[in-house]
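Bear in mind the structure is a predicted one, so any value in this text is a computation, not a measurement. Just the heavy atoms: all of them, side chains too, but no hydrogens, waters or symmetry mates, feed the values below.
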Amino acid sequence: MESPMSDRFILTGGMICDGTGQDAFQGEVLVEDGVIRQITRGVSAPADNTPRIDCQGLVVAPGFIDVTSNMDFYAGFGGSVYFGQFTRQGVTSFVTGQGGYSPFAISAYSPHQTLLNQPPFDIGQIEQPAGGLRQFNHQLDSTIHHQLIPMAGHGSCRLSIAGYDNRPLSGKEQKQLLGLLEESLQDGAAGIAIGLNERPGMFATKEELHAVAQLTQRYDKVLRVHGRSQMALSGYYPALSLRRHNLQALDEMLLLARRIGVKLQCSQLAFLGDRSWYTMDTALDSLYKACEMGVDVQFDISPHSVGTTRLINLLPQWFVGNWQEGMASRWQRQRLQLALTLNFAMSGLGYSDIKLVSSYSETYEPSEGERLDTIASSAGQSPFDTLLDILDKSNSQARVMVYERYGIGMVQQLMAHVCSLLGSGAVPEPLSGVHHPSAVAAFPRFLQIARNTGVLSMEHCVRKMTGAVADRVGVRDRGYLLEGKRADITVFNWKSLMDLTDFAGYDAQPDGIDQVYIGGKCLLKQSRLVSADSVSTNTL
């Protein structure tokens with residue numbers, strides 16, 4: 001296969017899966033100046049000297065769009081080195097804002113700059129630019145080719161105004177927050193993202209959330225919300241509730257969307273702990289009923305049964321709000337230990353299901369990649385005391401992987417749901433090197449599941465990570481192989497696609513992704529990264 005040496009070339013002989021969900025067909029794709037100029041059925045004889053790339057036996061699809069990411073931080077402050085593992089799995093664009101964080105919609109001259117310089121991502125200390133999306137665009141690394149579809153982070157915005165204070169915003173502060181978020185919507189942000197399971201989003205009042213939802217609805221944008229809990233029992237709702245806490249978290253999101261009429265994207269729907277798995281059918285039934293009532297709701301998932309979060313997010317909200325005071329109180333520590341014991345037991349989660357990713361401390365740096373029970377055993381202390389010690393020595397910044405988010409067959413059921421979109425929900429972990437498997441193989445794994453189980457056709461699986469995502473976030477120039485669209489293209493081998501992380505480690509490159517083009521530039525050739533001409537990262 002020859003790499004195109006000009007701005008005009010033809011991908012020929014492959015099965016064209018165009019992102020609409022319609023049946024794939026053998027044909028040719030003519031690309032010129034970074035745009036899809038023509039798509040034809042069948043294979044024609046060469047008519048001129050236009051370079052032709054043989055795709056016989058391969059599938060030609062739109063570039064995959066990761067619906068849930070935080071790669072805007074890496075585009076602004078990290079560099080192109082962090083994007084290679086996503087290129088290898090066919091990703092060409094990222095919808096950002098996961099967890100309610102973004103590197104824009106930030107208050108100028110924030111008194112909380114120190115906190116803003118400690119994001120929950122492993123790229124070290126960064127200097128956050130104050131201001132909105134237009135100002136952030138000037139921070140983008142010109143060597144990164146991938147496209148960003150940015151969402152304004154409510155959590156980052158609130159952090160820049162009120163820090164981690166567990167309190168309602170004043171009238172002046174809420175006006176400032178809404179003004180910053182609105183500025184980013186006016187600058188082209190695809191929506192607003194809220195993390196109700198993360199500091200400081202968890203501290204937002206109902207009135208604040210309604211105001212943010214109303215703002216999003218007024219601009220006809222998407223409100224992405226990560227619910228307060230994925231566990232059957234947590235510290236966010238009364239312990240004696242009759243309804244499981246993860247279901248109450250879903251109810252809260254759906255009620256907000258129904259009252260405001262906003263487009264709701266439930267971010268990373270999961271069921272943490274094997275005793276939470278039994279709530280999935282009830283959750284899906286709630287989603288069906290909401291759709292029948294006219295709620296515009298979708299959700300997204302990642303394919304691996306593991307999620308990454310800050311360690312402090314596993315603790316009850318009453319402790320998180322003043323965690324340093326809680327650490328100093330024997331009574332509060334005892335209360336926390338009892339709460340965690342009950343929450344873990346009722347949800348089916350254990351300390352062995354929690355792996356340390358980034359310790360942010362010299363003491364525990366050698367233990368990165370190990371599970372909390374193992375770390376505790378080596379230290380000669382209880383897992384609970386180890387958790388608190390890691391929290392203390394990292395100043396609450398420690399990051400962990402949590403297992404048991406899905407049981408057998410659950411990912412397939414969620415993939416097949418009419419409201420689901422497919423993404424990674426992962427970021428690189430360059431400091432520790434303890435990678436989330438979805439950061440290297442989410443999209444091949446989705447396709448592999450579809451092929452091996454038949455739960456989705458290839459065409460519908462591709463749609464849920466291309467055209468359907470573009471439609472959801474209002475992107476018109478990509479997500480489909482159609483004439484006039486941007487030439488973001490992923491070429492893969494449907495028969496050999498395989499996620500190798502289960503066998504060769506978390507950073508194992510998947511099999512089967514053959515070529516990747518972004519704006520007509522080849523970044524992956526025969527499954528190997530190649531250099532392309534400099535193309536600036538663009539946002540909407």
Side-chain angles (χ1 to χ4, degrees), residues 70 73 77-78 82 99 101 112-126 159 163-164 197-200 235 306-341 343-344 349-404 426-437 439 505-507:
N70 290 112
F73 282 91
F77 310 106
Y82 302 117
Y101 293 103
H112 306 287
Q113 187 65 45
T114 301
L115 298 177
L116 290 168
N117 287 351
Q118 297 177 342
F121 315 111
D122 239 356
I123 53 178
Q125 294 289 317
I126 65 173
L159 180 63
Y164 287 133
N197 66 322
E198 299 260 5
R199 297 182 303 169
V306 56
T308 306
T309 186
R310 281 187 289 185
L311 180 60
I312 196 169
N313 293 332
L314 299 179
L315 309 184
Q317 182 176 345
W318 56 261
F319 186 87
V320 172
N322 295 287
W323 72 273
Q324 290 172 314
E325 293 180 12
M327 293 277 287
S329 167
R330 181 179 178 183
W331 155 243
Q332 291 283 60
R333 289 165 66 103
Q334 290 177 339
R335 181 186 174 196
L336 175 64
Q337 185 171 18
L338 177 60
L340 286 184
T341 299
N343 293 349
F344 285 3
L349 191 70
Y351 290 101
S352 62
D353 298 318
I354 304 170
K355 176 184 288 188
L356 182 62
V357 173
S358 300
S359 64
Y360 290 92
S361 75
E362 294 182 0
T363 302
Y364 288 100
E365 185 176 353
S367 299
E368 290 175 345
E370 296 182 3
R371 308 207 180 206
L372 287 193
D373 61 335
T374 302
I375 299 172
S377 178
S378 299
Q381 57 188 5
S382 72
F384 174 74
D385 288 335
T386 299
L387 182 152
L388 290 187
D389 197 40
I390 293 173
L391 186 72
D392 181 44
K393 286 186 168 58
S394 70
N395 193 29
S396 80
Q397 293 299 311
R399 285 166 54 76
V400 295
M401 284 184 188
V402 187
Y403 291 76
E404 303 296 320
V427 296
E429 301 285 353
L431 296 186
S432 68
V434 183
H435 293 283
H436 190 304
Y506 288 122
D507 58 351

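No donor-acceptor pair under 3.5 Å is formed between the side chain of Asn117 and the backbone N or O of Thr114.
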Point to revise | Verdict with reasoning, Leu315 to Leu391, per side-chain contact (heavy atoms from CB on, under 4.5 Å) | key: CA-CA 11 Å; Leu315 309 184; Leu391 186 72; 3.9 Å; yes
Review point. After noting the C-alpha distance and the side-chain angles of Trp318 and Leu336, does the key distance pass the side-chain contact (heavy atoms from CB on, under 4.5 Å) rule?
Key: CA-CA 9 Å; Trp318 56 261; Leu336 175 64; 4.1 Å; yes
Review point. Between Phe319 and Met327, does a side-chain contact (heavy atoms from CB on, under 4.5 Å) hold up when you go through it step by step?
Key: CA-CA 9 Å; Phe319 186 87; Met327 293 277 287; 4.1 Å; yes
Review point. Given the rule in the side-chain contact (heavy atoms from CB on, under 4.5 Å) test, do His112 and Tyr164 qualify, once you have shown the distances and angles that lead to the verdict?
Key: CA-CA 9 Å; His112 306 287; Tyr164 287 133; over 6 Å; no
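Atom CD of Glu362 sits in a sparse spot, with 12 or fewer heavy atoms from other residues, nucleotides or ligands closer than 6.0 Å.
Between the CD atom of Glu368 and the OG atom of Ser361 there is a distance of 8.0 Å, given to the nearest 0.5 Å. One finds the CD atom of Glu325 at 9.0 Å from the CD atom of Gln332 (value rounded to the nearest 0.5 Å). The CG atom of Leu311 lies 11.5 Å from the CZ atom of Arg399; values are rounded to the nearest 0.5 Å. Within the model, atoms CG of Leu116 and CG of Leu159 stand 4.5 Å from one another, a figure rounded to the nearest 0.5 Å. Rounding to the nearest 0.5 Å gives a distance of 8.5 Å between CD of Gln397 and CD1 of Ile312. Here the straight-line distance linking atom OG of Ser329 with atom CG of Asn322 works out to 11.5 Å at 0.5 Å rounding.
When all heavy atoms of Ala439 and Ala426 are compared, the closest pair comes out as N-CB, 3.6 Å. Shown here for Lys355 and Val434, the closest heavy-atom pair between the two residues is CD-CG1, 4.2 Å. Between Val400 and Arg310, the shortest heavy-atom contact is CG2-C, 4.4 Å. Residues Ser352 and Asp373 approach most closely at CB-OD2, 3.3 Å, considering heavy atoms.
There is no side-chain donor-acceptor pair under 3.5 Å between Ser359 and Glu365.
With a 4.5 Å cut-off on side-chain heavy atoms, Asn70 and Tyr101 count as touching. Side-chain contact between Val306 and Val402: absent, with no pair of heavy atoms (C-beta onward) separated by less than 4.5 Å. Here the side chains of Arg335 and Pro316 are not in contact, with every heavy-atom distance at 4.5 Å or above.
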Side-chain donor-acceptor distances from residues 375-388 under 3.5 Å, at least two apart:
unit_1 : atom_1 : unit_2 : atom_2 : d
Ser378 : OG     : Thr374 : O      : 3.2
Gln381 : NE2    : Tyr364 : OH     : 3.4
Gln381 : NE2    : Thr386 : OG1    : 3.0
Ser382 : OG     : Asp385 : N      : 3.0
Ser382 : OG     : Asp385 : OD2    : 3.2
Thr386 : OG1    : Ser382 : O      : 3.0

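Phe344 pairs by the ring-ring contact (aromatic ring centres under 6.0 Å, His included) definition with Tyr351, not counting sequence neighbours.
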